Colleague: 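Okay, handing you the structure first.
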Amino acid sequence: MKTLACLALLPLAAVASASDFALGTTRAAGMGNAGLAFRGNLASSRPANPAQLAWQQRFRFSDLSFGYFANGVDFSDASDFVSGFDKGAFDADSIVNLARQFGDSKTDLGGTLGLGFTASGFHFGAEGVALVTTRPNDALQRWVRAGSNLTAPVAGMQLDGYGVGQSELLFGYGRGISSGPNGEMAVGLMGRFVTTYFSHHIANEAQITSGNAINTAAPEMAGSDFLKKEGFALDLGMHTTFGPGQRFQGALVINNLVSPDVSFLAFQPDQGATIDPGDGFSRVDAYRRTMSLGVAWQERETMGLAADLVGIGSGRTEGRFGADWQLARGLGARAGYSTLDGWTVGASLGGFNLAVGSANRLMAGTFFRF
């Protein structure tokens with residue numbers, strides 16, 4: 001995961017002023033990640049709805065992308081996070097340095113990588129995500145804002161540092177199951193072999209001021225630097241067209257119909273280095289079974305409007321709205337809005353796409369419920 005994070009973050013200096021962006025072939029990123037019901041050229045090459053694969057018959061690279069997400073930290077500081085982060089684990093020196101340097105507010109930093117191709121309705125690919133998040137308590141925030149004076153610590157100050165990483169090998173297939181004057185229907189499946197990593201390390205008052213942080217692992221780590229789990233996930237998607245000229249589209253997606261057991265129990269921030277194991281837990285799980293619905297209107301392959309309701313059953317249901325215009329061959333523009341993440345805009349030139357705004361689904365809230 002350390003290599004993944006470095007590769008995902010370092011090439012992005014050219015657009016470092018953006019706090020969240022994606023670069024690659026995912027058109028949906030510029031539409032607030034809407035578009036579950038798009039088909040044909042307007043559909044994302046890396047489909048969130050496996051049924052969209054039914055409309056992708058020719059061979060092409062469906063994903064060659066990377067993304068970056070930051071909250072409370074600048075790109076120039078990314079190396080301070082990444083350097084001490086390996087397979088979801090902080091080393092002791094790193095978490096002390098982060099407490100001293102970034103303990104005035106919570107921070108999140110992450111990166112994504114994707115690679116894949118489609119042919120004859122099949123999809124094969126690989127994706128990776130790495131996220132580091134720190135949560136200082138009020139005492140530490142007061143100390144850092146006052147100048148991080150090592151001779152005048154604030155009693156009880158503490159930094160909780162969490163790390164998660166996940167990698168997926170994907171294979172999917174979509175197929176049309178009916179076609180006629182009243183519309184068409186397709187179904188698809190996406191299988192994912194999943195590996196996840198998790199760590200939680202704590203720097204307390206004595207460790208922060210002395211720099212002597214030999215063992216910072218939180219109680220749920222049971223003495224390990226990081227925890228690892230593997231599993232298999234399966235998504236089901238459906239797509240239909242209807243209405244005059246079949247311009248209207250509908251979609252249903254069940255994410256994690258087969259749900260992998262790759263979750264972790266994490267102590268919530270500021271619970272202390274020792275705690276009653278029966279209290280203060282939050283489940284870290286990006287693979288809950290959820291349902292999503294989408295509708296769209298398309299004018300041939302040149303313009304489309306989409307609206308999705310995503311994550312039903314997760315406790316974080318999200319509305320996504322987007323529009324895509326193909327201005328000329330190989331030239332397009334798009335915009336979108338997410339009720340959780342805000343606005344995005346995007347553009348494409350040739351087969352290359354850029355999205356800026358809340359372009360990544362990589363958010364701390366995807367993993368952590370605090």
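Any value given below was found using the heavy atoms of this structure, including those in side chains, with hydrogens, waters and symmetry copies removed. Nothing here was measured: the structure is a model prediction, and the numbers come from that model.
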Colleague: May I ask you to check whether Gln158 and Asp160 show a side-chain donor-acceptor distance below 3.5 Å?
Modeller: yes
Colleague: Hydrophobic clusters here meaning ILVMFWY residues chained together by side-chain heavy-atom distances under 4.5 Å, can you tell me if Leu189 and Val253 are in one?
Modeller: no
Colleague: Over 60° means perpendicular and under 30° means parallel, so tell me whether His200 and Tyr162 are parallel, tilted or perpendicular.
Modeller: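 Taking Tyr162 first and then His200, their aromatic rings lie parallel (interplane angle under 30°).
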Colleague: What pair of heavy atoms forms the shortest contact from Ala54 to Gly176, and how long is it?
Modeller: CB-N, 3.8 Å
Colleague: Do Pro136 and Trp143 make a side-chain contact, defined as non-hydrogen atoms from C-beta onward lying under 4.5 Å apart?
Modeller: no
Colleague: Taking the six-membered ring where the residue is Trp, are the ring centres of Tyr173 and Phe122 under 6.0 Å apart?
Modeller: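 Tyr173 vs Phe122: aromatic centres under 6.0 Å.
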Colleague: Search all heavy atoms of Asp225 against all heavy atoms of His201 and return the closest pair with its distance.
Modeller: O-NE2, 3.1 Å
Colleague: Taking all heavy atoms of Gly32 and all of Ser338, pick out the closest pair and write down the distance.
Modeller: O-CB, 4.2 Å
Colleague: Hey, is CZ on Arg145 packed in by over 12 heavy atoms from elsewhere, all under 6.0 Å?
Modeller: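 Yes, CZ of Arg145 has more than 12 neighbouring heavy atoms, counting only those of other groups under 6.0 Å.
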Colleague: Give the cluster check for Val262 versus Val129: same hydrophobic cluster or not, with ILVMFWY residues linked at side-chain heavy-atom distances below 4.5 Å.
Modeller: no
Colleague: Find out if a path of hydrophobic residues (ILVMFWY) with successive side-chain heavy-atom gaps under 4.5 Å connects Val345 to Trp325.
Modeller: no
Colleague: Side chain to side chain contact (heavy atoms under 4.5 Å, CB included) between Gln207 and Ile202: does it pass, once the steps are laid out?
Modeller: CA-CA 9 Å; Gln207 294 168 332; Ile202 298 172; 5.5 Å; no
Colleague: Less than 3.5 Å apart, any donor N or O on the side chain of Gln268 or Ser282 sitting next to an acceptor on the other?
Modeller: no
Colleague: Indicate whether the side chain of Ser148 and that of Arg100 have a donor and an acceptor atom separated by less than 3.5 Å.
Modeller: no
Colleague: Examine Tyr337 and Val310 and state if one hydrophobic cluster contains both, with Ile, Leu, Val, Met, Phe, Trp and Tyr joined whenever side-chain heavy atoms are less than 4.5 Å apart.
Modeller: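 Not linked; separate clusters.
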Colleague: About how many Å separate CD of Gln249 and CG of Leu36, when rounded to the nearest 0.5 Å?
Modeller: 12.5 Å
Colleague: Can you tell me how far the CD atom of Gln298 sits from the CG atom of Leu305, to the nearest 0.5 Å?
Modeller: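 Atom-to-atom, Gln298:CD and Leu305:CG are 9.5 Å apart.
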Colleague: Taking atom OH of Tyr287 and atom CZ of Phe232, what is their separation to the nearest 0.5 Å?
Modeller: 12.0 Å
Colleague: Please state whether the rings of Phe264 and Phe198 are parallel, tilted or perpendicular, taking 30° and 60° as the class boundaries.
Modeller: parallel
